[in-house]
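Inspection log for the structure reproduced underneath, given as structure tokens.
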Amino acid sequence: VTQPPDPIPRTVEWADGAVRLIDQRLLPGELCFVDCRTVDELCQAISSLAIRGAPALGAAGGYGVALACSGAVAGGASAPAVAQAAAGAAARLIATRPTAVNLAWGARRVLAVAEIAARGGLDLSAGGDASGDAEAVARAALDEAEELAAQDVADNRALGHHGAALVPEGAQVLTHCNAGALACVGYGTALGVIRAAAEAGKRPRVWVDETRPVLQGARLTAWELDRLGIDATLVADVMAGSLMASGDVDVVVVGADRVAANGDVANKIGTYSLAVLAAHHGVPFYVAAPTSTIDLATPDGAAIPVEERSPDEVRRVGGARLAPDGVAALNRAFDVTPAALVTAIVTELGVAHPPYDKSLRRLVEAAPHRRPLRTP
Ligand code: MRU
């Protein structure tokens, strides 16, 4: 099926031998692209949130490993040395942000293909002509990264379609952070659900949490919904309870950075508070995430590493100081919502309901090609 042109450009792609990203630090002011020509540049882009959001990080991880391979080939490396460079790059990329499991998933998937190609075992891109030469390794890695990125958009459309069925006609939907096209390669997860509901003519109205401290909701989600022509109202995070109490929230839909095997969900800080409020007010709380975000190797939320970022993100906004520079500030980037507070988890393969230990395993096992080929 041919899709109409997307009003939001692709977040990350391979262009002119580099990883090209929308620089999300500059939105909503400017829509600019940045080319990362080395793995170090890409690591810096990830750490500084030029690219962010779990599925986008998965694609960036994959492209980053492909970038390391092409750089090694340009430097005259042998096939085993290219695979070694890929392994080093994967480790550096994975270390940049610990919570979103997609980053490790994407990097490891492409690394696994590079390692197989380096052994001369399976060069998918060359149609089986597997010589184990350096260029074949780089080509196989890039093909896998491209495949992973393309799959992301297709998966999000499928996820959106499943999730839209959960959104009532004319619903008031509250979302947190940015789980839109900008957080993925395209289309979005939580915003994908909202988008698919809008495309189905359900006319959702969206409450956009501003999402302190980095303001992904105000800067990115509001920008996306405006471009998509979906009714959106920006609110301070602290307003969620009041909105639910006045009966103005029909559903909450958020994304995820990692879903543990038992259904506990790590997502942007503030998500847990929303889930508690939603449970109190009897509002359904949906998590939208592709199966690549489900980590069966992490048994529960307590085992999910939660990134802590610079306290300056709390003390300042942009260049402006909000608090005395010397004041102590704590900046946990994510929190964990217990599975008991999650009404359902929407994936590209369907909707998982409690008990999640069973339903999530079933879904992931139905998607073997999306699991890492190798776990270090
Ligand atoms: O720190 P960020 O901006 O990378 O955090 C992003 C989120 O928490 C998103 O909700 C999550 O990655 C899901 S994106 C589809």
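Remember, it's 1-based here, ligands and their atoms both numbered in the order they're listed. These numbers come from a predicted model, not from an experiment.
Under a 4.0 Å criterion applied to the non-hydrogen atoms of Ala179, ligand 1 contributes the atoms 14 (S), 15 (C). Close contacts of ligand 1 with Ala183, meaning ligand atoms under 4.0 Å from a residue heavy atom, involve 14 (S), 15 (C). Residue contact check: Ala54 has heavy atoms under 4.0 Å from atoms 12 (O), 14 (S) of ligand 1. For ligand 1, the atoms closer than 4.0 angstrom to any heavy atom of Gln216 are 1 (O), 2 (P), 3 (O). Numbered from 1 in the order shown, with element, the atoms of ligand 1 that lie under 4.0 Å from a heavy atom of Arg97 read 1 (O), 2 (P), 4 (O). Proximity to Lys268 (heavy-atom distance under 4.0 Å) selects the following atoms of ligand 1: 1 (O), 2 (P), 5 (O), 8 (O).
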For this session: Just do the salt bridge (charged side-chain N to carboxylate O under 4.0 Å, His left out) check on Asp6 and Arg195 with the steps written out, would you?
Result: CA-CA 12 Å; Asp6 200 308; Arg195 216 167 147 168; 2.9 Å; yes

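Between Leu49 and ligand 1, no pair of N/O atoms sits closer than 3.5 Å. Considering backbone and side-chain atoms together, Arg52 places an N or O closer than 3.5 Å to an N or O of ligand 1. Ligand 1 has no N or O atom lying under 3.5 Å from any N or O atom of His176, backbone or side chain.
Side-chain atoms of Thr233 and Arg205 include no donor-acceptor pair closer than 3.5 Å. Side chains of Glu146 and Tyr63: a donor on one and an acceptor on the other come within 3.5 Å. Side-chain atoms of Thr221 and Asn178 form a donor-acceptor pair, as typed in the model, at a separation below 3.5 Å. With no hydrogens or angles considered, no side-chain donor-acceptor pair links Gln172 and Asp250 at under 3.5 Å. When only modelled atom types and interatomic distance are considered, Gln216 and Arg52 share no side-chain donor-acceptor pair under 3.5 Å. No side-chain N or O of Thr189 forms a donor-acceptor pair with one of Asn156 less than 3.5 Å apart.
In this structure, Glu135 contributes its side chain and Val73 its backbone to no donor-acceptor pair below 3.5 Å.
Looking only at heavy atoms of the protein, atom 15 (C) of ligand 1 is closest to Thr189 OG1, 3.0 Å. For atom 11 (C) of ligand 1, the nearest protein heavy atom (residue, atom name, distance) is Asp257 OD1, 3.2 Å. Shortest contact from atom 9 (C) of ligand 1 to any protein heavy atom: Asn267 OD1, 3.4 Å.
Crowding of Phe285 atom CZ: a count of heavy atoms from other residues, nucleotides or ligands under 6.0 Å exceeding 12. Atom NE2 of His161 has 12 or fewer heavy atoms from other residues, nucleotides or ligands within 6.0 Å.
At least one heavy atom of Ala256 sits under 4.0 Å from some atom of ligand 1. Distances from ligand 1 to the non-hydrogen atoms of Pro55 include at least one value under 4.0 Å. Look at Asn178 and you'll find a heavy atom under 4.0 Å from some atom of ligand 1.
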